[in-house]
Amino acid sequence: MESSSKNELSKVYEPGINEPKISKIWEDADAFKPAGDPAKEPFCVIMPPPNANGTLHAGHLMYTIEDIAIRQARMQGRPTLWLPGTDHAGIETQYVYEKELAKQGQSRFDLGPDEFYKQVMAFTKKHQASALSGFKSMGFSADWSKLKFTLDEDIIDVVYDVFISLHSDGHVYRGNRIVNWCPRCQAAFPDIETEHIDRDDAMYTLDYGTVQIATTRPETIFADSAVAVNPKDHNYELLVGKTATIPLVDRAIPIIADSYVDPQAGTGALKVTPAHDKNDYEIGQRHSLPEISVVDEEGKMINVPQEFAGLEVLEARKAVVKALDSAGKLVSTEPLTHSIAIHDRCSTPIELIISEQWFLRVKELNQPVIDAIEKDEVSFYPTRYKRNALNWLNQEHDWCISRPGWWGIRIPVYYKTSNDPAKDAYLIAKTEAEAVEYYGAGNYRTETDTFDTWFSSSQWPYATLMTSGKGDFEQFYPTTLMATAHEILHKWVTRMIMFGLYTTKQVPFKNVYLWGTVTDEKGQKLSKSKGNYEDPMAITAEYGTDALRMALSIGITAGNNGAIYNEKIQGYRNFCNKLWNVARFVLAKVPPGTDPSKAELLSPADHWVINKINSAIKSVTRDIESYHFSEAGQTIYTLLWNDIADKYIEYSKQSPNYALLAYCLDTILRLAHPFAPFITEAIWQSTMWTDSNLISEHWPNIIHKSSTAQAKQFEIEIIKVVSANQQDANKVEALKLRRELAAKQNQLKLTAAKLNNSSFVANAPSAIVKAEKARSKQAEQTIKDLEVEIEKLESS
RNA sequence: GGGUGAUUAGCUCAGUUGGCUAGAGCGCUUCGUUUACACCGAAGAUGUCGGGGGUUCGAGUCCCUCAUCACCCACCA
């Protein structure tokens, strides 16, 4: 740091001044690039690509978890790559940009596909830049030079190759199927991209002549192909094989038997509308019923009597009900609250229609995924998501992968045109030239649909590493850790495993860490629309990025929601300041030329603090390696504040061991660096015993052995030391020691009771019994020591 | 309808294969301090670990059951 010479730190840590300087030091040193010892196991994280259509949200802050893992691995000397990227987010981005256009009274149709694509690209690049600068200011040490985007040409090429291969292996098909259709987006979506909301509607009972039919969708009666009843339903058994009559149009339809029908539901007779209901579609398939569409892609009525044609679904419902009523065919109307499907991005009610789309047959492709997960070739944190993933994989339906968007990766298909467009053969080719080369000259039209954005992003781990630089794939695939939000386990994580296994024969990551939702103190999800989401930049400006990072990683555990609020962040700001001041104290006292690695243990206090540090090194190392970030952070917090600051430094004021003091600071900086990279690096830059950058320094090892007996001795001494400045010090101490004594006596009683319990001695593992005996002996000794101490104090 | 999670101090939450006297931060009470730090220190109060049952020498931790809340999937004639 240029402004202050080494060894002199300002009184209060100022994140706003330090953070940009530290970022620059890392950048200049190229510290985020993979380095490390090639003999060691590589560590690689592929960053979940944020959607490049808006500013960062609270979930993105959780990437802190990945940075902690990455920074530890880097310090452990492993070749370490955190590969960043962004996602074009297909339909979603298109929707966001169309809203922008609408503000200026325009629609995408005013621009046309090419101009629209150009504008959305510019829009996306703008947001990408702001997302990246947000990530950088969070201290995320990803290798930004390798940044990938889902619309990069080389990525698209990988996606195309995989599609072509899937097609030739028979996993891809094109067909007319019933799909969830969003009339607003004019696109089909799989179930997983729909949500359900409750709506107040009505249940109408209609007169079909021979039977009565209950329905919530009277406007679809014109699409009925049959009436179905349960074959075991005696009320209707005589009617099977006869006909019912659709009111208003007086069309006769067969009455069929199908065991799907629930005799208890509605009237027990079901109108079968294969073109607009999933279950009816299945029934229709079983009985070869005609599929009559009455709702088109814009959500308007077609193939219906003139008076209803062109109406929107809900208007049509009103009109049909009115007509039924005046025709005397409406038996009853009852209010009903039921849930309806909406598109999760734009909240438009979903229509079920039959549409020609591209599908991926998932059953076969999922089987290797199920096997791999069952064999624990990938570990889930928390483990319960293993079962969750398996449940989903076992029941996933074929995945509709085509979207009629203008913003995305065009499906690499051409149609050789003929006189009848319905008969045009489709041909798989990346470009028209390729199509001509393979299939001969002719008139070609291109497929206009694009891939579902998850189709490309689910290939992210290998697609990025194959294109990020020479040797990256060989060195870093399969990757070490995939950490992302739990709500995209099905949409993304399981599909990445599926594509990974299909394309590379390997699970693309060894560990999956799923975080929960970031909430406020009341458990409400943080969101701008709810007004409880503060711009992280404002938080970091006030409290420092390190404080925010600690608030995000401590007290929040895998799979659970975590609350984040000002008081919590403030608490970790205080921690940072504590660390800063410990450094100020140590750096002001330690004489030049001190080498912390050559420190010697001289006093019981020295043994005590080394004892604390050694066990902290052990547990922090283990906890980060096993993704228990919260535990690791807690340990560091306690070590710095309770052990080093409150006890060892207080003791040092009387009887200093400077080299060891320096060692304490040195070690705590290393341990805390993954959590609080900025402040630890800022202090590191001011230490006089090194000129390196902390980010590239080695992870702490245990280098001093401490004596437990001496450490214990200090436990008693410390009470005297820290209260030495108090008035009535002796009295306070004696009181405190008496309390300690009572606790010890109680402990002795409990241990004695245990040891007297013959079944405990007989059944408990010998190590536990041994430990209990040792504890008992120790308690006896401590009680003696304390009694002596108290005697001394009270007599003086 | 099926599933998962949560329930631990006033609040927000830790507690990794069952094993030291159940913890932390914030808040609260009392006292103190100004050359590391009021973004501070010392001392303190607060818990039938949601209820009930079981397994075990030993349960916050494992099993069963009930309750409340949250989420996910499916269905909704």
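Protein chains get the first letters and strands the later ones, always in sequence-line order, with residue 1 at the start of each. Below, each value reflects all heavy atoms present in this structure, side chains not excepted, and no hydrogens, waters or symmetry copies.
Among the heavy atoms of the strands lying under 4.0 Å from A/T216 are primed sugar atoms or P, OP1, OP2 only; no base atom is included. Residue A/N757 is in sugar-phosphate contact alone, with no base atom involved, counting any heavy-atom pair closer than 4.0 Å across all strands shown. Using a 4.0 Å heavy-atom distance criterion, A/H397 is classed as making no nucleic acid contact. Within 4.0 Å of A/R387, counting heavy atoms only, lie sugar-phosphate atoms of the nucleic acid but no base atom. Base contact: A/V261 has a heavy atom under 4.0 Å from a base atom. Looking at heavy-atom distances under 4.0 Å, A/Y637 makes contact with sugar-phosphate atoms alone, never a base. Within 4.0 Å of A/D262, counting heavy atoms only, lies at least one base atom of the nucleic acid. Base contact: A/P765 has a heavy atom under 4.0 Å from a base atom. Counting non-hydrogen atoms under 4.0 angstrom, A/A767 reaches nothing in the nucleic acid.
Judged by distance alone, with hydrogens and angles left aside, A/K653 brings a side-chain donor or acceptor within reach of the base of B/A36, the pair sitting under 3.5 Å. At a cut-off of 3.5 angstrom, counting only N and O atoms as typed in the model, there is a donor on one side and an acceptor on the other between the side-chain of A/E650 and the base of B/A36.
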Kindly express the pairing pattern of RNA chain B in dot-bracket notation, using | wherever a base pairs with another strand and counting only Watson-Crick or G-U pairs under 3.5 Å.
(((((((..((((.....[...)))).((((((....).))))).....(((((..]....))))))))))))....
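A/N611 and A/A711 make their closest contact through ND2-CB, 4.0 Å (heavy atoms, listed as atom of the first residue, atom of the second, distance).
Spacing of C1' atoms, B/G25 relative to B/C20, comes out at 24 Å, to the nearest Å. Nucleotides B/C26 and B/C72 place their C1' atoms 33 Å apart, quoted to the nearest Å. When the C1' atom is used for both B/U8 and B/A22, the distance is 8 Å, rounded to whole Å. Rounded to whole Å, the C1' atom of B/G2 lies 34 Å from the corresponding atom of B/U48. Between B/G27 and B/U12, the two C1' atoms lie 11 Å apart (nearest whole Å). When the C1' atom is compared between B/C31 and B/A24, the two are found 23 Å apart, to the nearest whole Å.
Look at CD on A/Q395: it is 14 Å from P on B/G3, rounded to the nearest Å. When rounded to the nearest whole Å, the span between CD1 of A/I649 and C1' of B/C40 equals 13 Å. We find that NZ of A/K754 is positioned 10 Å from P of B/A59, with the value rounded to whole Å. As rounded to whole Å, 14 Å separates atom P of B/C75 from atom NE2 of A/H338.
Taking the six-membered ring for Trp and thresholds of 30 and 60 degrees, A/F575 and A/Y637 have nearly parallel ring planes, at less than 30 degrees apart.
To the nearest 0.5 Å, atom CZ of residue A/F189 and atom NE2 of residue A/H343 are 3.5 Å apart.
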Tabulate atom names and distances for all N/O pairs under 3.5 angstrom spanning the protein and nucleotides 6-13 of chain B.
unit_1, atom_1, unit_2, atom_2, d
B/C11, O2', A/E521, OE2, 3.3
B/U12, O2', A/Y565, OH, 3.1
B/C13, O3', A/G555, O, 3.3
B/C13, O2', A/G555, O, 3.0

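The phosphate of B/C76 has OP1 or OP2 within less than 4.0 Å of a side-chain N or O from A/N279.
Under the 3.5 Å distance criterion, with hydrogens and angles disregarded, a donor-acceptor pair is assigned to the side chains of A/K271 and A/T220.
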